[in-house]
Amino acid sequence: MHPYRTHRCGELRLSHAGETVRLSGWVHRKRDHGQLLFVDLRDNFGLTQCVIDASSPLFAELEAVRVESVITVTGPVVKRDAETVNPGLPTGEIEIRVAELEVLSRAAVLPLQVNSDEDAGEEIRLRYRYLDLRRDKMHEKILLRSRVIASIRRRMIEQGFTEFQTPILTAGSPEGARDYLVPSRIHPGKFYALPQAPQMFKQLLMIAGFDRYFQIAPCFRDEDSRADRSPGEFYQLDLEMSFVTQDDVFAAIEPVMAGLFEEFAAGRRVTEPPFPRIAFAEAMRKYGSDKPDLRNPIVIRDATEAFRGSGFGIFARAIEGGSVVRAIPAPGAGGRPRSYFDKMNDWARAEGAAGLGYIIFAEGAGKGPIAKNLDAERVAAIKAACELGDGDAVFFACDKPRPAERFAGVVRNRLGADLELIAPDAFRFCWIVDYPMFELDEETGKIEFSHNPFSMPQGGLEALESRDPLDILAYQYDIVCNGVELSSGAIRNHLPEVMYKAFSIAGYSQQEVEERFSGLISALKFGAPPHGGSAPGIDRIVMLLADEPNIREIVAFPMNQKAEDLMMHAPAEVPQQRLDELCLKLDLPPE
RNA sequence: GGGGGUGUAGCUCAGUUGGUUAGAGCGCCGGCCUGUCACGCCGGAGGCCGCCGGUUCGAGUCCGGUCACUCCCGCCA
């Protein structure tokens, strides 16, 4: 007989009754009746009840074993009496009579309880992550993550993609987030950087002729964390394709994403390909965001004309000064008490807005401080434009166009949640397309790349030379699901002369471009295929599928908010000798 | 860097208006219990109430500071 097990803990059924088997696992729970002891033995695959009574010489030993100790039991599989069957357990029709017992590893008193649904604090959970991961909920989420990644690999390979590895120790990125740096011992004073994404490598693989690349790629960015953003590292489904248009990229990714979500949807509805395509400008206008949650039915309208020259002086004067008014319909909000609208106004101020005006529609008319100062025809026009009726309300964001759009989007999200308008049990996908190539930095007044500087401008060189840079769009696109930006991608700029021109608009000389992106620029001069791709975030996909708002819940060994690994004690000081080898001297800030 | 929340037993939490000896559940230790499956019953140990200072006759409770964790803003091509 195998020294540890003949079966797994989730495996035994009534059909095994009479066999002598051996199981190994963790003592999940004990029920001690004094002369009779039940032990639930747990492994990755399930639970099996083991039983022993005082007639056995092993009774005292098993009774003394603490939960979470690891033991091996050997004995016959016995059918349970009808009244002692546990229908809640797949193995509930049988139990093991313990005939032999070996304690493989004794557990100390636990800092957190594995067999309880009660959640420990995060600090304790991260410090003892191996115990936390034994808990059923965590165990399932990490296994889900593994199955999701396996499914992605299978689907990508089916789509004709080839998986490649790319370097972890590489050069820094001149644009974007802060790099993690690794000092070089062989080159004192020089540093490697960990890749923020394998962006240039995947483009170089296309230039090398591999046609379709993908990788479950680790990405490293030294930025502050959020609930949905780990400090340090995260994973992307990084992909790139040669000789493709934007539509080809969409057609390749959509079945992967739709199929993946369908596979793990567990009854939730998934947008069927082709996913809706929404231009960036339209998304900002209708949803106030470039990552709209399409489960929310609210569509933002423009109400500027209804307020221009009106009796509501605050808005009328602001409009004269170049502001606009966005109307955010709030279906069903008319029944809310006055305090709700006051609360919304307080909240708006806390969010940095000047306030949040509103009109309540009742008895065929508008109510509230704004409606009092607005002609009935204007109120009626707003009501009609927003497709509202009695019992509904509408909120207004009045500001310069860009901040008004953005704030209206924030209000839209808040109302969707407050009014319970978000469609449950659905994954609503869309593409956001036609991003502007450039944008104006409001502080410096300079023109900057709005997304990826390596994206191909729509209209190519001619557009760059002849049009207002702020009007030029890029072949740049995001996948959004339920208000979460899952990925960003682009058709790349594979023409050096277009690249030089694009960078010159953003204020970079040809020499600077050659210095900062030398590897890629020189590669583009030796025959580069038109190519493009995207990079959906693995962690965010798993978060959506696990319905889990915190990224640490779907990562086996995450760092805490301050980018510390509480279990492994990273980051850590290093011996002086290591610093000496690297020619590094510490110059720490004063306490 | 800025703002909010939290911090009480090993763990999860309660603790009233500032007032006697700071409680509960789980866990732990001991005792009883032969059909439980969150087994049950009895008993016990376990507290720098995050830390420092202040107000007060008296502080877990009020005030100031500080530290830790967390959420958000900034940041994240």
Side-chain angles (χ1 to χ4, degrees), chain A residues 28-42 47-56 59 63-64 66-68 78 80-89 91-93 95 97 107-128 131-132 135 172-179 195-197 199-200 219-234 347 350-352 410 435 437-439 448-455 474 476 478 485 488-490 503 506 516-517 535 537 549-550 552 560-562 564 566 591:
Chain A
H28 185 67
R29 186 171 270 127
K30 287 161 47 187
R31 290 174 295 280
D32 189 348
H33 293 241
Q35 304 298 306
L36 180 70
L37 171 65
F38 297 101
V39 169
D40 289 339
L41 196 64
R42 182 194 75 237
L47 282 178
T48 299
Q49 174 165 285
C50 306
V51 63
I52 192 169
D53 68 32
S55 66
S56 166
F59 183 81
E63 196 177 30
R66 236 185 244 121
V67 289
E68 294 309 310
V78 177
R80 296 202 208 177
D81 294 340
E83 60 271 25
T84 62
V85 163
N86 183 347
L89 221 52
T91 60
E93 288 189 287
E95 62 194 4
R97 292 273 160 79
V109 175
L110 300 171
L112 62 87
Q113 279 155 250
V114 172
N115 63 18
S116 166
D117 284 336
E118 186 176 80
D119 232 342
E122 254 205 305
E123 197 174 351
I124 297 287
R125 293 177 55 203
L126 291 180
R127 191 178 304 280
Y128 301 97
L131 294 179
D132 191 34
R135 293 165 55 236
S173 319
E175 302 280 322
R178 206 175 284 116
D179 288 318
Q196 294 185 25
Q199 178 67 33
M200 294 216 208
C219 303
F220 305 90
R221 295 179 192 174
D222 185 4
E223 297 293 350
D224 290 337
S225 70
R226 286 288 183 277
D228 63 349
R229 200 168 79 202
S230 332
E233 53 192 83
F234 61 96
W347 165 78
E351 291 283 311
V410 174
Y435 277 83
M437 184 80 191
F438 302 100
E439 66 188 5
E448 296 187 333
F449 290 107
S450 66
H451 259 64
N452 186 324
F454 303 125
S455 300
Q476 167 86 40
D478 284 2
E485 182 192 316
S488 140
F503 272 92
R516 296 171 76 170
F517 312 109
N550 191 313
R552 292 185 292 276
N560 70 1
Q561 192 182 40
K562 282 206 173 158
E564 297 164 311
L566 298 175
E591 282 298 317

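Only a predicted model underlies this, so the values are computations on that prediction, with no experimental measurement involved. To find a chain, count down the sequence lines: A is the first, B the second, and so on, and within it residues start at 1.
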query: How long is the line joining CG of Asp40(A) and C1' of U36(B), in whole Å?
result: 9 Å
task: Just call it for Ser116(A): base, sugar-phosphate, or nothing, with non-hydrogen atoms closer than 4.0 Å on any strand.
output: nothing
- prompt: What's the verdict on side-chain contact (heavy atoms from CB on, under 4.5 Å) for Leu110(A) and Tyr128(A), showing C-alpha distance, side-chain angles and the deciding distance?
  reply: CA-CA 10 Å; Leu110(A) 300 171; Tyr128(A) 301 97; over 6 Å; no
- request: Please work out if Arg516(A) contacts a base, only the sugar-phosphate, or nothing of the nucleic acid, heavy-atom cut-off 4.0 Å.
  value: nothing
- request: In whole angstrom, give the distance that lies between atom CD of Gln113(A) and atom C1' of C13(B).
  value: 13 Å
- prompt: Just how far, in rounded Å, is P of C75(B) from CD of Glu223(A)?
  reply: 10 Å
task: Looking at every strand, decide which applies to Val85(A) at a 4.0 Å heavy-atom threshold: base, sugar-phosphate, or nothing.
output: base
message: Strictly by Watson-Crick or wobble contacts shorter than 3.5 Å, is anything paired with U6(B), and which nucleotide is it?
response: A68(B)
Length of the line joining Asp224(A):CG and G3(B):C1', which is rounded to integer Å: 14 Å
message: Can you measure Met200(A) atom CE to A77(B) atom C1' for me and round it to whole angstrom units?
response: 11 Å
query: Under 4.0 angstrom, heavy atoms only, what part of the nucleic acid is Gln561(A) near: base, sugar-phosphate, or nothing?
result: base
- prompt: More 5' along RNA chain B: Arg552(A) or Ala177(A), using each one's nearest nucleotide?
  reply: Arg552(A)
message: By the 4.0 Å heavy-atom rule, please label Asp119(A) as base, sugar-phosphate, or nothing.
response: sugar-phosphate
query: Checking all strands, does Arg178(A) fall into the base, sugar-phosphate, or nothing category for heavy-atom contacts under 4.0 angstrom?
result: nothing
- prompt: Rounding to a whole Å, what distance do you find between Arg226(A):CZ and G2(B):P?
  reply: 15 Å
task: Could you tell me the separation between the OH atom of Tyr128(A) and the C1' atom of U12(B), rounded to a whole number of Å?
output: 16 Å
- request: Before accepting this row, confirm whether a basic side-chain N of the pair Asp40(A)/Arg31(A) lies closer than 4.0 Å to the acidic partner's carboxylate O.
  value: yes
message: Could you identify the nucleotide paired to U61(B), looking across every strand shown and requiring Watson-Crick or G-U wobble geometry with both distances under 3.5 Å?
response: none
- prompt: For Asn560(A), which contact category applies under a 4.0 Å heavy-atom criterion: base, sugar-phosphate, or nothing?
  reply: sugar-phosphate
task: Could you tell me whether a side-chain N or O of Arg80(A) sits under 3.5 Å from a main-chain N or O of Val85(A), the two making a donor and an acceptor?
output: no
- request: Classify the nucleic acid contact of Leu37(A) as base, sugar-phosphate or nothing, counting any heavy atom under 4.0 Å across all strands shown.
  value: nothing
